[in-house]
Amino acid sequence: MSESQLWDDVDDYFIGQLAPDDEVLEATLRDSEAAGLPEIAVSAAEGKLLHLLAQIQGASRILEIGTLGGYSTIWLARALPADGRLISLEYSPKHAEVATRNLARAGLDKVVEVRVGPALESLAELADETAENPAPFDLVFIDADKSNNPYYVEWALKLTRPGSLIIVDNVVRGGRVADPDNTSPDVQGTRTAIELIGSHARLSGTAIQTVGRKGYDGFALARVLA
């Protein structure tokens, strides 16, 4: 048995025991694939982790950067209280349209708002709104274009409060993040974001390597300090 097959088998076992089949989530993946969206959504195990982190955090306001088909959005939104809110930022109108349909089927269209456009522009608009009506986010999930990761982390700091959680997905990049000679924009952006988390006075964080259905990757987790 190959190493990657073993990873898949272990993932299948964990998912079967801890994140069993859910028709709404399965339909979200099917419809996303049928619409031609890239198959880069988080795994069910990762989705369950996001759900648990949001619950542990007691999050009532969540910001997601990178909606895709809404799969991770549903996991996060299901952790919100009845009066909670999630704002998800998506660059592609096509992806946002698919995600909006998936969220409506999940019964979350009144809880989640998908905003379309370049995330850096949407984040600036959110900051203006927050200045008028301060309501910081309790959790931020960053899973968009990796070259802009450091900017997303900086904006997350502006839009959160002490105690908020920032999660950055896909930080290992198959191990490329540790290669100093790799100059691709996604690796450079991810490396800069990790270094920012490690050096910023208002952040305490770590990064975890993962294996499974999504291959070899990982995520960073940071808590906002006072």
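Since the model is a prediction, treat every value here as computed from it, not as a measurement. Throughout, numbering of the chain's residues begins at 1 and tracks the sequence.
- At least one donor-acceptor pair closer than 3.5 Å links the side chain of Asp217 to the backbone N or O of Arg173.
- Considering Leu139, Val140, Leu76 in turn, Val140 is the only one that fulfils the side chain to side chain contact (heavy atoms under 4.5 Å, CB included) rule with Leu63.
- Here the side chain of Asn149 pairs no donor or acceptor atom with the backbone of Ala193 at under 3.5 angstrom.
- Val98 and Val111 end up in different hydrophobic clusters when Ile, Leu, Val, Met, Phe, Trp and Tyr side chains are linked at under 4.5 Å.
- Judged purely by atom type and a 3.5 angstrom limit, Thr192 has no side-chain atom pairing as donor or acceptor with the backbone of Pro150.
- In this structure a side-chain-to-backbone donor-acceptor pair under 3.5 Å is present from His51 to Trp75.
- The environment of CD in Glu39 is sparse: at most 12 heavy-atom neighbours from other residues, nucleotides or ligands sit within 6.0 Å.
- Considering Ile166, Leu89, Leu123 as possible partners of Tyr152, the one that fulfils the side chain to side chain contact (heavy atoms under 4.5 Å, CB included) test is Leu123.
- Remark: side-chain polar atoms of Arg161 are not paired, donor with acceptor, to backbone N or O of Pro136 under 3.5 angstrom.
- The backbone N or O of Gly70 sits nowhere less than 3.5 Å from a side-chain atom of Thr67 that would complete a donor-acceptor pair.
- With rounding to the nearest 0.5 Å, the separation of CD in Gln57 from CD1 in Ile167 is 8.5 Å.
- A distance-only check finds no donor-acceptor pair linking the side chain of Asp11 to the backbone of Gly212 [under 3.5 Å].
- Looking at heavy atoms from C-beta onward, Lys48 lies out of side-chain contact with Glu46 at the 4.5 angstrom threshold.
- Under the 3.5 Å distance criterion, with hydrogens and angles disregarded, no donor-acceptor pair is assigned to the side chains of Tyr91 and Asp145.
- Remark: side-chain polar atoms of Lys214 are not paired, donor with acceptor, to backbone N or O of Ile40 under 3.5 angstrom.
- In this structure a side-chain-to-backbone donor-acceptor pair under 3.5 Å is missing from Asn148 to Tyr151.
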